[in-house]
Amino acid sequence: MSEISVTLPDGSQRSLPEGSTVVDLATAISRRLGKEALIGLVDGKETDLGRPLQDGDTVEIVPPDSERGLHTIRHSTAHVLAQAVLELWPGATFAIGPPIEDGFYYDFALPNGQTFHEDDLERIEDKMREIVKARQPFTRTELVPALALELMANHPYKQEIIEMVAAGEKSSEVGSEVGGEVISFYRNTDNFVDMCVGPHVPHTGHLGHFKLMNVAGAYWRGDVDQPMLQRIYGTAWADKKQLAAHLLRLQEAEKRDHRKLANDMDLLSFPKELGGGLAVWHPKGAAVRKVMEDYSRQRHLDGGYEFVVTPNLANGGLFETSGHLDFYADGMYPPMEMDNGSYYPKPMNCPMHCLIFRRGQRSYRELPLRLFELGTVYRYERAGTLHGLMRIRGFTQDDAHIYCTQEQLADEITSLLDFVLSVLKAFTFEEFTFNLSTRDPDKSVGSDDIWALATKALRDSLDRHGVDYQVKEGDAAFYGPKIDIDVRDAIGRSWQLSTIQVDFNLPERFELEYVASDGSRQRPIMLHRALFGSIERFFGVLIEHFAGNFPAWLAPIQSTVLAVAEDHQPYAEEVTAKLKDAGFRVDMVEANDPLGKRIRTAKQQKVPYILVVGADDVEAGTLGVNPRGGKVERDIPFEDFVHRLQTEVDAKV
RNA sequence: GCCCGAAUAGCUCAGUUGGCCAGAGCGCUGCUCUUGUAAAGCAGAUGUCGUCGGUUCGAAUCCGACUUCGGGCCCCA
């Protein structure tokens, strides 16, 4: 019997009998790998385990505990979900069911316009567990489109995909290896077969560590004009431990939910009377916001920005000039009709900053001119998109517009990146992701030259910082390319915060000019940039990042002073007053409740330092210091504590 | 905007198949207690049961519309 030789990932060769499959190889390497293996990676291409190997193939075995393995598990679990639903709802049809981050979903249409309910999930899960227990094989078959259409006769969405593929369009859902001539299917039982590009786990027994999470509506093919399908989301993992860990992470995220913490900590609220997407900041929330804003202002002052202030309303003519009414009218609040025109709440600050630039003749000597404003804007976000502080209708941007010459652009962007990162790092963010969005030729203004110049300036400054970045082709705004910066929070989630955008459009529209050194009139380039993005959103991210445990410099209340008993009240008041004089945010609670109770309340408010003062302290001028997350310390001299708190505030830790 | 779900005291929630004056804990107010590091005791006040309309002898409970919120879709200058 002749042999074939394949190459393993470590570069070693392995001989196998001719006709051996991927799983044969896995078993040959080790029995355990043979049992665990989910799919193979043959010459870089994912394949089922049953695929025969050829001489010279490079083969990698994909175990469950790998990114590809998890991906496969999720994809296969989606099929199990589909089988369960189709069995439980006779007449139901199915659309697509891909793996996603942490899980999968599947879209269905139920007969007679039925919908899923949360309590259906348990029933579906039970059915899925039966399927897992049955260890059904995933058997691949390939059909030409005509036969595929016949097989999917009762499933119009599948047929639509088949026709799409047959027409040569790409779809992640089906195999179209040979120009749409063959469509692959995976059959589990006589009654269940799903169209799919695969590969899949060998049999359903490899699955089972899943949980259905929620139901939702989703447009077919993501198109508002298409029917609304019923989507079920689930999560799936390689083993029980991973699943439990994931559910724990979700729990942790839920505990950190800024909407819950903002409420519990009395930071802000969204009164119904105000209407959707509008927040009121309570004293404690506003205290944090003030620190954030003060810090931002100071940094901008140090960074060479000049402060401006502009109104919340403007005549519609301004937004015609800026183009907002052409491009974003849907996202703007409707106008108020007044004697000399229609006035709109501003959705952005830039047009007004352009008016400031245009006022008076500008010289190249003034550039770069950096105008900064904590500018409050209003955007009409659609009702269904609102989400706590993360998506809101009225918010304040830490907004600045930089007007510079073409020659200054690259340096300006480079120093801007330093500036952004330095400010974000002050809030303990350490990991950043950068995205460079480039031109969409169909939806943009400006000459090729200037786009190339600006994109190169952005790219060069990213390179100069030695950071990795992703390029999002065609994702730029119509007026210029941009860099978006995401931060990773304390539990590993990513949030998009900062943006640096180049704009050729507004200087044109507002006919901005400066006088160059040779006396000629030149058009400046404009940069839009925001670090926090929206103060509201940034605050929401901070709440979740810190789980409400704001570091001392940000904490709404930095310390709460508690007298052990009424006798010590005067001393507690004295301590409180002195700390306030020293510039700290201090609270005092009178001794009407037992000390333990008052400590508990202060702990729940996540106060960095609880200061307990009793007879010993009155005598010696000391404090009992109970730090958040630390051990109680006694007999701390007052001045020592002041020094300690000041040091901590200065260090911003 | 679209699909599904929800809305009861300041907060978190209970309220059976529609049936006396609508409940609990926390918080709040008052009194007692005067406390050394995560819940003292007693008493009290607090609700147009999201809003409007309908069904019914009777609605927190059933139906409809609206508002707001939650999970998604779409969108996000």
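Each chain gets a letter, A, B and so on, in the order its sequence line appears, and its residues count up from 1.
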Inset, instruction - Counting heavy atoms from C-beta on, name the nucleotide in rA38(B), rA77(B), rC3(B) closest to the side chain of Arg379(A). - result: rA77(B)
Legend entry - C1' spacing across the pair rC63(B) / rG18(B), given as an integer number of angstrom: 13 Å
Inset, instruction - For Arg391(A), answer base if it contacts any base atom (sugar-phosphate contacts may also be present), sugar-phosphate if it contacts only those atoms, and nothing otherwise; contact means non-hydrogen atoms under 4.0 Å. - result: base
Inset, instruction - Using a strict cut-off of less than 4.0 Å between a Lys/Arg side-chain nitrogen and an Asp/Glu carboxylate oxygen, indicate whether Asp257(A) and Arg259(A) qualify as a salt bridge. - result: yes
Legend entry - side-chain N/O Asn592(A) vs rG30(B) OP1/OP2, d < 4.0 Å: no
Legend entry - Short side-chain N/O contact to rU35(B) OP1/OP2 from His568(A), under 4.0 Å: no
Legend entry - Watson-Crick or G-U counterpart of rG5(B), or none if no pair lies under 3.5 Å: rC69(B)
Inset, instruction - Sort out the partner of rC20(B) for me: Watson-Crick or G-U wobble, both distances under 3.5 Å, none otherwise. - result: none
Inset, instruction - Starting from the 5' end of RNA chain B, give me the residue, Asp593(A) or Ala218(A), whose nearest nucleotide shows up first. - result: Asp593(A)
Legend entry - Pairwise C1' distance for rA60(B) and rU17(B), with rounding to whole Å: 16 Å
Legend entry - Same-atom distance (P) from rU56(B) to rU51(B), integer angstrom: 23 Å
Legend entry - Whole-Å C1' distance, rC31(B) and rG70(B): 43 Å
Legend entry - Which residue lies more 5' along RNA chain B, comparing His117(A) with Lys272(A) via nearest heavy atoms: His117(A)
Inset, instruction - Name the closest nucleotide to the Gln604(A) side chain, picking from rA40(B), rA38(B), rG71(B). - result: rA38(B)
Inset, instruction - Write down the partner of rC42(B) under the Watson-Crick or G-U wobble criteria, each distance required to be under 3.5 Å. - result: rG30(B)
Inset, instruction - Compute both the distance and the angle, then confirm whether Lys158(A) meets the cation-pi test with Phe94(A): under 6.0 Å from the six-membered ring centre, within 45 degrees of the axis. - result: yes
Inset, instruction - Just call it for Gly277(A): base, sugar-phosphate, or nothing, with non-hydrogen atoms closer than 4.0 Å on any strand. - result: sugar-phosphate
Inset, instruction - Could you work out the separation of rC20(B) and rA6(B) based on their P atoms and round it to a whole Å? - result: 24 Å
Inset, instruction - Taking the side chain as every heavy atom from C-beta outward, state whether Phe532(A) and Ser296(A) have any pair of such atoms under 4.5 Å apart. - result: yes
Legend entry - C1' gap between rC42(B) and rG10(B), integer Å: 23 Å
Inset, instruction - May I ask you to say what His324(A) touches in the nucleic acid, namely base, sugar-phosphate or nothing, with a heavy-atom cut-off under 4.0 Å? - result: base
Inset, instruction - Using a heavy-atom cut-off of under 4.0 Å over every strand shown, decide if Gly596(A) touches base, sugar-phosphate, or nothing. - result: sugar-phosphate
Inset, instruction - Could you verify whether a donor N or O on one side chain and an acceptor N or O on the other, from Trp495(A) and Asp489(A), lie under 3.5 Å apart? - result: yes
Legend entry - P-based separation of rU12(B) from rU55(B) [nearest Å]: 35 Å
Inset, instruction - Using a 4.0 Å heavy-atom cut-off across all strands, classify Asp567(A) as base, sugar-phosphate, or nothing. - result: nothing
Inset, instruction - Considering just the side-chain nitrogens and oxygens of Arg598(A), establish if one lies under 4.0 Å of OP1 or OP2 belonging to rU37(B). - result: no
Inset, instruction - Ignoring hydrogens and angles, state whether a donor on the side chain of His282(A) or Ser269(A) is under 3.5 Å from an acceptor on the partner side chain. - result: yes
Inset, instruction - Indicate, with a heavy-atom threshold strictly under 4.0 Å, whether Asp264(A) touches base, sugar-phosphate, or nothing. - result: nothing
Legend entry - Charged N-O contact under 4.0 Å between Glu648(A) and Arg644(A): no
Legend entry - Inter-nucleotide C1' distance (rU61(B), rG1(B)), Å rounded: 31 Å
